[in-house]
Protein chains: 2
Amino acid sequence: MTAPTLADQIANRLRHAILLGELAPGSSVGERDYAQKMGVSRTPMREAIRILAKEGLLVLRPSFSPVVADPSLKQVEDELTIIRALEVLSGELACAHATEAQIGAIRALHERMVVLAETEEMLQFFETDMAFHRAIARASDNARLDELHGQLLARLWRVRFLSARQAWDRDRVLKQHTLIVAGLEARDADLVRLETDSHIQHIKRNIQGHFRRESL
Amino acid sequence: MTAPTLADQIANRLRHAILLGELAPGSSVGERDYAQKMGVSRTPMREAIRILAKEGLLVLRPSFSPVVADPSLKQVEDELTIIRALEVLSGELACAHATEAQIGAIRALHERMVVLAETEEMLQFFETDMAFHRAIARASDNARLDELHGQLLARLWRVRFLSARQAWDRDRVLKQHTLIVAGLEARDADLVRLETDSHIQHIKRNIQGHFRRESL
DNA sequence: CCTCGCCATTTGGTATACCAAAAACATAGC
DNA sequence: GCTATGTTTTTGGTATACCAAATGGCGAGG
């Protein structure tokens, strides 16, 4: 039973489809439909749906088929507010508890981003960005914080990806990441806190701009 | 389908049993056993187990029956660290966004605690304490924050209940709550942040003491 | 007496059949 | 032509049967 359960596999496939936009927000995901569509029975599909619902990618409504979540700007802002608090906390804790190896890994991810920024590998750049922040959370030596942070990031994956398409933003991201890495290496909690906070604030503004643009 | 599903009902019953200590940490909760024990089939029981697992009250292990969680001191501390960050954030946001009615409700809960402190209604005192903190989170005008905070509190319900049995602690709790209420009414984010932080730190020390006492 | 391996039992995972409620549609009455 | 109502269909919820894997006991062999 070490193999991932069918429900997990399906959840993963569905998650990918949702994040990549193959399943548009608002699409309904009926148990029967998708169970057949993916060649499994309703039981694991049902479980997969519950998993994604808990993650916030699907919303369940009584008497209706589950629907791909379509978060409002306020919801995204609220979530980012929480992420900001958790990342600031992660940074502080990482300054105190991170091993040198962990900080090295963070720096490595940062340097990978610098390289990727030159190319047109948008997706890889973005995923490395996510990995960078995940690595900081992991270095907090607080497993639950890491887990929670991952959940929140996952939920915002798509909207962040869409809003991060502006290439002009990359320089700012890299500059801020540089400062965060420097802060971690110097174990300077104040610097990390400050830069992390500002970093997320900028992301929030970016997303606000994305929503504004989208609602034309 | 407005009625709560069987799975939810069972999850609630199990949750109660766990929090009240009727199901000792470490007890195994087999699907078949408990499905029969509670007079339902495996399907809703299975779902209930997943729900409680997501909440952290049960832990799932491949090839084994689920088991009632038995968090280590470090895990509890880690969780409290997160709760502290979220409650501080809640307090700040509440200062900015809470309606007068919400602050009134918070004060009312506080005053109810003052009354209950005189009696021996330990459980009610404790539940009002939880409600007090939940109310602040609700006043943050950030639904997701409220939800997350509730989840984290729920997970620590039992250990906090056990560690809060010391009556000598009530005065300190009430005093700190008084300051927090004052801070909210004055919309003084700094005061709220400070007192909330200190409040949770004290709770953490209490729990540390509880663990020390327990491990005799 | 100890150890290694096999088998039975128990576990969770999956498929499927059935049910009740609610939504959608069509039809009849106004 | 519109509304109200009854029927049909689709939905999720539940029960149950079956499967494969892992555990733990039991027995044979050392």
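Just so it is clear: chains get the letters A, B, ... in the order the sequence lines come, proteins before strands, and each one is counted from 1.
- Qualifying ring-ring contact (aromatic ring centres under 6.0 Å, His included) partners for B/F125, counting only residues two or more places apart in sequence or in other chains: none.
- Not a single salt bridge (Lys or Arg N to Asp or Glu O under 4.0 Å) links A/R205 to another residue, sequence neighbours left out.
- Protein atom CG of B/L60 is 7 Å distant from nucleotide atom P of C/dG13, rounded to whole Å.
- Between A/S63 and D/dG12, a side-chain N or O to OP1/OP2 separation shorter than 4.0 Å is absent.
- Using a 4.0 Å cutoff on non-hydrogen atoms, the parts of residues 40-48 of chain B near DNA chain C are B/R42, B/R46, ordered by number.
- Between A/L58 atom CG and D/dG12 atom P there is a gap of 12 Å when expressed in whole angstrom units.
- In this structure, the CD1 atom of A/I49 is 11 Å from the P atom of D/dT11, given to the nearest Å.
- Side-chain N or O atoms of A/R187 include one that pairs as donor or acceptor with a backbone N or O of A/C95 at under 3.5 Å.
- In this structure, CZ of A/F64 is placed 17 Å from C1' of D/dG13, rounded to the nearest angstrom.
- Rounded to whole Å, atom P of D/dC19 lies 16 Å from atom CG of A/L6.
- Nearest nucleotide to the side chain of A/R32, out of C/dG12, C/dG13, D/dG13: D/dG13.
- Look at B/R84 and A/E92 and you find no salt bridge, because none of the NZ, NE, NH1 or NH2 atoms lies under 4.0 Å from a carboxylate O.
- Within 4.0 Å of A/R50, counting heavy atoms only, lie sugar-phosphate atoms of the nucleic acid but no base atom.
- When the P atom of D/dT9 is taken as reference, atom CG of A/D33 falls 17 Å away, rounded to whole Å.
- For C/dT14, the OP1/OP2 oxygens have a side-chain nitrogen or oxygen of A/T5 closer than 4.0 Å.
- Summarising the geometry, the separation between CD on A/E31 and C1' on C/dT14 is reported as 14 Å, rounded to the nearest angstrom.
- Rounded to whole Å, the distance from CZ on A/R61 to C1' on C/dA22 is 13 Å.
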Cut-off 3.5 Å, no hydrogens considered: what does the side-chain donor-acceptor table look like for residues 4-25 of chain A, sequence neighbours left out?
from  : atom 1 : to    : atom 2 : distance (Å)
A/T5  : OG1    : A/A7  : N      : 3.1
A/Q9  : NE2    : A/P4  : O      : 3.1
A/N12 : OD1    : A/R15 : NH2    : 2.5
A/N12 : ND2    : A/D8  : O      : 3.4
A/R15 : NH1    : A/E55 : OE1    : 2.4
A/R15 : NH1    : A/E55 : OE2    : 2.5

Could you tabulate the donor-acceptor pairs under 3.5 Å formed by side-chain atoms of residues 72-79 of chain A, not counting sequence neighbours?
from  : atom 1 : to     : atom 2 : distance (Å)
A/S72 : OG     : A/Q75  : N      : 3.2
A/K74 : NZ     : A/D78  : OD1    : 2.9
A/K74 : NZ     : A/D78  : OD2    : 2.7
A/K74 : NZ     : B/D141 : O      : 2.9
A/Q75 : OE1    : A/S72  : N      : 2.9
A/E77 : OE2    : A/Q208 : NE2    : 2.7
A/E79 : OE2    : A/R155 : NE     : 3.0
A/E79 : OE2    : B/R144 : NE     : 3.0

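- B/R158 is linked by a salt bridge (Lys or Arg N to Asp or Glu O under 4.0 Å) to nothing, counting only residues two or more places apart in sequence or in another chain.
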